[in-house]
Each structure stands twice: as C-alpha cells, then as structure tokens.
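The structure appears below as structure tokens.
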Amino acid sequence: MTSPLLADLNPRQHEAVTLPHTSALVLAGAGSGETRVLTTRIAWLIATGQASPLSILAVTFTNKAAREMLLRLSALTPVSVRGMWIGTFHGLCNRMLRAHHRDANLPQLFQIMDTADQLALIKRLYKAHGLDAERYPPRELAWFIASAKEAGLRPQAVEAGDPFARARVEHYALYEAMCQREGVVDFAELLLRSYELLAGRDAIREHYRRRFSNLLVDEFQDTNLLQYRWLQLLAGPDAAVFAVGDDDQSIYAFRGANAANMQHFERDFGRPERPARLVKLEQNYRSHGNILDAANALIRHNRSRLGKELWTSEGKGEPIRAFAAPTDLDEAAFVVDAVKGIADEGVPLSEIALLYRSNAQSRVLEHALFNAGLPYRVWGGMRFFERAEVKHALGYLRLVASPEDDGAFLRVVNFPPRGIGARTLEQLQDAARGRGTSLWQAASSGAVGGKAGASLGAFVTLIEKLRAETASLPLSEAVAQVNEGSGLVAHYRSEKDGEDRIENLEELVNAAQGFVREAEIAGDAPMLGDRVSPDAPVPDEGPSEGATDPLTAFLAHAALEAGETQEAEGRPALQLMTVHSAKGLEFHTVFVTGLEEGLFPHENSLNEMDGPEEERRLMYVALTRARRRLYLTHAQSRMLHGQTRWHVASRFLDELPRDLVAWLSPARTRTGAVEVDEAEWGRAARAPAKDADAPGWRIGQNVRHAKFGVGVIVGAEGRGSDARVQVNFRDVGVKWLALEYAKLEAA
DNA sequence: TCATCCTTCGTTTTT
DNA sequence: CGAAGGATGA
C-alpha cells in the first residue's frame with residue numbers, strides 16, 4: 001500500500017510513521033523532520049483505520065508546537081481534528097481538571113496563576129503570617145514549591161532535616177492552603193493535580209486509558225519526572241506511546257527537564273509481548289555538510305548520549321567563519337558589517353539570526369544595529385498577557401468569574417485609584433482572616449465600616465454591576481464592557497502616554513474574539529473545558545463536548561499562553577535572541593556571539609552537575625540553527641556588570657575540527673588564543689594596563705602555563721622579583737603567579 | 001498616593 | 001552599567 005501520506009519520507013521516517021501498535025522512541029536529530037513524522041504518524045493511524053481520532057492524545061511543551069501540529073494535521077487528514085486531545089501538558093491537564101473538578105477537589109471555575117501572580121500570592125502569604133522574606137526569599141520559595149511538585153511531592157512528603165528546610169516545607173503547606181482557599185492553581189499544580197486524579201481515581205484513570213490508546217509526545221527529552229509519570233499513568237497496557245526527542249538538544253535541565261527519561265523509555269513503556277522500538281532519524285534536511293560536521297564533532301565531546309550522527313545529502317557548503325574581536329564593541333561592529341554584506345547578497349534580514357547565551361549581551365548588539373540603521377527584532381521580554389494594563393483587565397474578569405480570588409481583588413480594588421488605601425485593605429484583610437473568608441466576602445458583608453467601608457461597598461457594587469452586564473454578552477463584548485466599566489480606559493485616557501495601553505486593552509478584545517473563533521473552528525479548542533457533569537464519574541467524551549464557560553476558558557488561555565513578545569513588524573528585521581529561544585527555529589545565516597569561557601559555557605554552569613555537558617548541548621543547538629552560513633565570534637574583553645572582563649575563547653571553538661573553520665581575524669594558535677598585532681588589538685591595547693608594568697606582560701594578554709594551560713592575564717601587582725600576575729585560566733580558573741618562578745609563555 | 005532615591009544584583013524559561 | 005524593587009519623603 002502506498003499512501004500519498006508516505007511519499008517523500010526517507011526510509012527511517014517511513015519506518016517510524018508505519019510502526020505497528022507498539023511504544024516507540026524516535027531519536028530525532030535537529031532538522032530531521034521530527035514534527036512531520038509525528039503528525040504523519042497520526043494521519044497514517046487514522047487513514048489506515050488503525051486508530052480513531054478519539055483515541056489520539058498528542059502532547060507538546062509549547063502552544064506554538066501544539067498549534068503547528070494541529071495545522072499540519074488538518075492539512076494531512078480529511079478527518080476533523082475535533083475529538084483528538086492535542087495540546088500542551090498544562091493545557092491537557094487543565095482540560096482534564098475542568099472535567100473532573102470535583103474529584104480533583106477544585107472549584108469549577110478555578111483560576112490559573114502565572115509566575116507573577118504566584119509571586120504576589122507568596123508575598124501576601126508572608127505578610128499574613130509574618131514570615132521572614134529576607135531569610136526565605138519569595139522567589140526561592142516559588143522555586144522550591146515548583147521543584148517539589150515536579151517531583152510529585154506534597155508538603156507532608158517532602159523530607160526536611162534541618163530547621164531551615166522544615167520552615168520552607170511549612171511555608172509550602174501554608175501556600176497550598178491559601179491557593180485552595182482562593183481557588184487558584186499554579187502551573188505545576190495543574191500537572192500534579194491531574195497526576196493525582198489519575199492515580200487516585202480508578203474509574204477516571206481506566207476511562208482515559210480505554211480512550212487513549214495512542215499517546216504521542218513531542219520534545220520528549222524536555223519532560224520532567226512528573227510529566228513522565230503522568231504519561232505512565234495514562235498509558236494503559238494496550239497503549240502505544242510514540243515519543244519523539246533528541247537527548248543532544250536537552251537544554252532545560254535547569255527547570256526540571258530530565259533527559260534520562262529517554263533512557264528509561266524502553267523499560268517503562270515497552271511490554272513483554274510488544275517491546276518498545278527505537279528509530280533514529282539522522283538525515284538532516286536543514287544544514288549544509290560543514291555545519292553538520294562541526295555540530296557532530298562538538299557533541300561527540302559529551303559522554304552521556306544515546307548516540308546519533310547527523311548527515312545530509314547536500315554538499316559541504318561554505319566553511320564556518322570565525323572572528324576574534326578585541327572587545328565586545330568590535331564584535332558588534334564586525335557583526336554589523338557582515339550582516340550588511342549578507343543582506344547585499346540578497347538574503348532577507350529575517351533570515352539572519354544573532355544568538356547569544358544571555359539576554360544582557362543583546363544591548364551592545366542592539367546599539368550597533370541601531371546606529372547602523374538596521375532593523376531588528378529582539379525576542380524575549382514582556383509578553384502580551386503580562387502587560388500591566390492587560391493584567392488589570394484580566395483581574396477584573398477574574399473577579400467577575402471567581403470572587404474568591406483575592407489576588408485578582410487586590411490587583412484591581414484600587415486601580416484605577418478609588419480611595420481604597422493600604423490602611424483600608426489592612427483592615428479588610430484582618431477582617432477576612434478573622435472570619436476565614438475571602439476579601440470579596442468581607443468587603444460585601446460590610447466588615448469595614450466608615451468612609452473606607454463605603455468605598456469598598458462601591459467597589460463591590462461595581463463588580464456586581466459588571467457581572468450582571470456581562471453575563472449574557474459574547475466574550476469579546478464582555479471584555480470591552482469590562483474595559484470601559486472598570487474605568488480602566490478612562491484612567492489611561494487621562495494619562496499622558498496611555499494611548500499604547502488603551503490600544504492593548506482593545507487588543508485584548510480582539511484576542512477574546514480570536515479565541516472564540518478558534519474554539520468554534522476546532523469545534524472544541526484545547527483550552528475550552530469539557531462539559532462538566534458532576535454526577536457522572538466520567539463525563540461523556542465526543543464531539544458534543546463543548547465549552548461551558550467561555551470567560552473561564554479565556555482566562556485559562558491567557559494564563560497558559562502568555563502571547564507574543566513583540567508582534568512582527570511590517571518590514572523584515574534581523575532576529576536577536578538567546579540560544580535557548582532559538583531552539584526549534586532555523587535561519588539562512590546564524591551568528592553565535594560571545595563565545596567565551598565564562599559566558600558560553602557560562603561560569604555558573606561549570607560547578608553544576610552535568611552543567612558543562614548541558615552548555616555543550618546548547619552550543620549544539622546554536623550550530624544546528626544555521627542552514628547555509630555560520631559565524632562564530634568572541635571578544636577578548638567585554639563590559640560585564642559595569643567592569644571590563646577578560647575572557648579566553650570558548651572551549652567549544654577548540655572542539656570544532658580546524659579544517660572546517662575559517663578564521664577571519666588574525667592567525668589563531670593551537671590553543672584557541674588569538675595572536676593579533678598591536679594595530680589590530682585596538683581599543684583593548686590602547687587602554688593602558690595601570691599596574692601591569694611587569695616587563696613583557698600586559699593585561700589582556702594570552703598566556704600559557706605548563707601545568708594550568710591557557711589563560712589571560714587579568715591583573716598584576718608588584719615589581720621586580722615581587723612581580724605577580726593574575727591569570728584567568730580556561731580550565732582551572734583565576735590564579736596569582738609569581739613571574740620569577742612561573743614558567744609563563746605568551747600564547 | 002505617588003514620585004524619587006537608593007540599594008542590590010546580575011544564566012538560560014515555558015507553562 | 002542599568003534594571004528593578006524597596007524604602008522614604010512630599
């Protein structure tokens with residue numbers, strides 16, 4: 001049987017797509033068509049009648065990936081995607097919890113907190129209980145709670161030996177109680193609650209196991225322990241789990257991702273009668289040979305790998321270009337020049353990416369681009385649903401939907417200002433605490449008297465009015481009504497630069513409209529909850545399941561999908577982003593900048609478990625973003641935290657085969673240091689080394705030591721036989737050396 | 001209640 | 001160096 005679905009698949013892709021009903025791990029290299037294989041697998045299962053759309057659950061990490069999958073799938077199959085569960089882990093868990101909110105012990109209209117909401121809640125918690133925010137920074141507690149939840153641990157299960165740990169566990173318990181009282185959940189809670197629901201309710205677990213005989217997972221190397229266990233619970237004995245991932249692209253260990261999940265896949269998802277299969281996709285359709293050869297050579301330096309080698313049927317292409325700049329400013333100037341040249345060749349600016357390890361590095365690049373008049377777009381930063389005015393509008397909507405939500409109450413009770421100050425709120429919070437109620441209840445029952453009480457009463461009346469007015473309106477009109485009725489629009493109109501904010505409020509109305517439209521097209525958008533039937537242990541499944549409450553669904557959507565950082569502008573622009581956010585993207589030309597020891601690999605990672613290997617994977621991701629042309633640059637000195645720092649070239653440059661790399665800057669020594677003459681040394685050399693008057697040596701110079709290896713002189717003191725220099729060695733860090741004894745040589 | 005000063009701190013980030 | 005958040009004063 002030759003289905004048009006399978007045309008153009010290479011043998012390995014074909015094998016993966018047409019595997020029999022058994023669990024399989026697809027080890028998919030960068031640019032090997034992983035998304036295509038995943039979606040084609042689904043389409044093939046349906047086209048051949050092996051699976052009903054209802055039996056499909058496909059899970060991704062980002063909304064973008066989920067949308068992409070949905071889009072491709074609707075192009076591949078005539079069957080409607082409605083009925084399939086396709087979405088992010090969080091989106092699917094949300095959906096499940098809405099359907100079983102009683103069993104999950106959640107209010108029907110529970111609200112989802114984003115990171116900022118969560119932090120605000122912790123701060124309120126600290127205030128309410130008089131906890132020490134100095135000793136237990138709120139951010140740290142948030143991190144602690146998320147880690148515990150990702151390990152599947154409730155407070156009583158967390159081991160706490162010392163008093164400090166015990167205190168944090170106590171705070172965790174208080175946090176939980178507060179969330180429960182207010183009817184809010186954080187991101188990790190969505191997963192943990194859903195996990196516990198499946199673990200604790202046999203009927204529900206069996207229901208979903210019967211239904212989902214085909215589980216498909218994208219970016220499997222990014223799953224954390226809880227997500228892995230969630231999948232295990234969901235996968236019944238007859239289920240086939242199709243997991244696609246690349247251990248070499250695991251770059252999110254710092255937030256709990258556990259690439260070792262790939263190593264356990266066979267053991268945990270294989271069945272005696274149907275052992276798990278392994279398919280490797282190694283043919284790359286993105287990059288030219290030299291780029292792949294470099295990436296392969298680099299990643300071979302990692303020890304813990306499943307093992308994989310990318311190849312292409314295309315030619316070798318151009319050599320990789322490398323450049324050593326004296327300073328970060330020179331590096332930026334070089335990039336600007338090169339970009340101009342590439343643009344002159346006809347490459348669109350939007351096909352050129354500038355990558356860096358940390359966000360702070362974008363500043364210098366932006367500055368140079370701005371001065372050169374080159375349009376650019378920086379990824380990362382403030383996202384749409386995180387903007388203050390949007391959060392305020394969402395706060396009103398949340399309060400309308402769920403009055404117990406103290407976080408929402410506090411956000412909007414005095415915005416726009418209506419004379420409800422800190423003192424009043426303190427009284428109100430005391431009253432609410434005393435009665436064990438929400439702020440909303442305390443306010444509406446007149447717990448605070450006098451003028452302040454009257455202001456609160458007016459606020460309560462306002463919210464009730466909004467609730468009544470919006471109850472029967474379509475979602476987008478309800479949002480518009482809240483924008484106006486809350487006084488937000490009027491407030492921003494009177495503000496000097498409030499136009500942008502009003503525009504964003506209008507954009508929120510559009511977002512609501514778009515959300516509803518999408519939900520209608522999909523028949524049942526992933527974010528819209530299933531019909532809730534509290535009496536039946538398991539709600540009906542099927543195309544008829546629909547949205548019960550568009551407002552709550554929209555609020556969940558706003559929390560789960562923060563939206564674009566910056567709308568793409570009309571004219572094409574250079575793309576600036578961290579290597580992390582470049583994952584999954586590709587460009588004609590890629591610049592990887594700041595390739596310096598301490599920056600990339602980042603100094604903080606060197607002491608971490610698996611840190612250096614994760615940094616190398618990050619570099620691997622960076623290299624494999626390029627289709628045709630790849631530039632690698634580093635600067636010998638760079639402004640960091642307000643002072644000039646000297647760095648040796650990154651070890652990753654040394655790990656690339658020499659014959660693949662063409663150095664555009666002066667000759668490079670075997671060790672990776674760069675020899676430049678005084679004229680080219682530029683700014684760095686002109687800055688006089690104040691106390692580095694030891695003859696023959698100067699700050700910034702590359703040196704080699706018989707035992708410590710290569711490094712850069714970063715400081716000096718004394719003279720004559722006392723002269724000492726401070727050297728930052730690539731491998732062993734900063735050391736002071738007496739020039740009289742140390743056998744230093746120029747490198 | 002807001003504005004301004006001052007301290008602190010500095011990887012990566014999606015949901 | 002520069003952003004962000006807390007504290008302080010008008």
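Each chain gets a letter, A, B and so on, in the order its sequence line appears, and its residues count up from 1.
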| Under a 4.0 Å N-O cut-off, is there an ion pair linking A:E426 with A:R423? |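 Result for this pair is no, no salt bridge flagged.
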| Could you write nucleotides 5-10 of chain C as a row of B, S and -, 5' to 3', where a protein heavy atom under 4.0 Å of any base atom gives B, of only sugar-phosphate atoms gives S, and otherwise -? | -S----
| request: Sugar-phosphate atoms are those with a prime plus P, OP1 and OP2; base atoms are the rest. Using that split, label each nucleotide of nucleotides 7-15 of chain B B, S or - for protein heavy atoms under 4.0 Å, 5' to 3'. | output: ---BBBBBB
| Hey, is the main chain of A:P416 close enough, under 3.5 Å, to the side chain of A:H491 for a donor-acceptor pair? |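 Checked: no pair found.
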| message | So does A:E615 get a backbone contact from the side chain of A:S605, meaning a donor-acceptor N/O pair under 3.5 Å? | response |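 No; judged by distance alone, with no hydrogens or angles, the pair does not exist.
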Any idea how [X] and [Y] line up, ring-wise: parallel (<30°), tilted (30 to 60°), or perpendicular (>60°)?
X: A:F89; Y: A:W230; value: perpendicular
X: A:H100; Y: A:Y208; value: perpendicular
X: A:F409; Y: A:F459; value: perpendicular
X: A:F515; Y: A:H557; value: tilted

Between the protein and nucleotides 1-4 of chain B, which nitrogen or oxygen pairs come in under 3.5 angstrom?
{"residue": "B:dT1", "atom": "OP1", "partner": "A:N414", "partner atom": "ND2", "Å": "3.2"}

| message | Once salt bridge (Lys or Arg N to Asp or Glu O under 4.0 Å) is applied, what residue pairs with a partner in residues 188-197 of chain A remain, sequence neighbours excluded? | response |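 Listed by first then second residue: A:K149-A:E189, A:R154-A:E189, A:R154-A:E196, A:E189-A:R193.
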| query | Among all residues two or more places apart in sequence or in another chain, which pass the side chain to side chain donor-acceptor pair (under 3.5 Å) test with A:E389? | reply |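 For A:E389, the residues satisfying side chain to side chain donor-acceptor pair (under 3.5 Å) (neighbours in sequence not counted) are A:R501, A:N504.
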| Any residue meeting side chain to side chain donor-acceptor pair (under 3.5 Å) with A:Q232, in chain and number order, not counting sequence neighbours |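 Result, side chain to side chain donor-acceptor pair (under 3.5 Å) vs A:Q232: none returned.
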| message | Using atom C1' in both nucleotides, what's the gap between C:dA3 and B:dT14 to the nearest angstrom? | response |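 To the nearest whole Å, 23 Å.
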| request: Determine the interatomic distance between P on C:dG5 and the same-named atom on B:dT12; round to the nearest Å. | output: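 Going atom to atom, P in each nucleotide, I get 15 Å.
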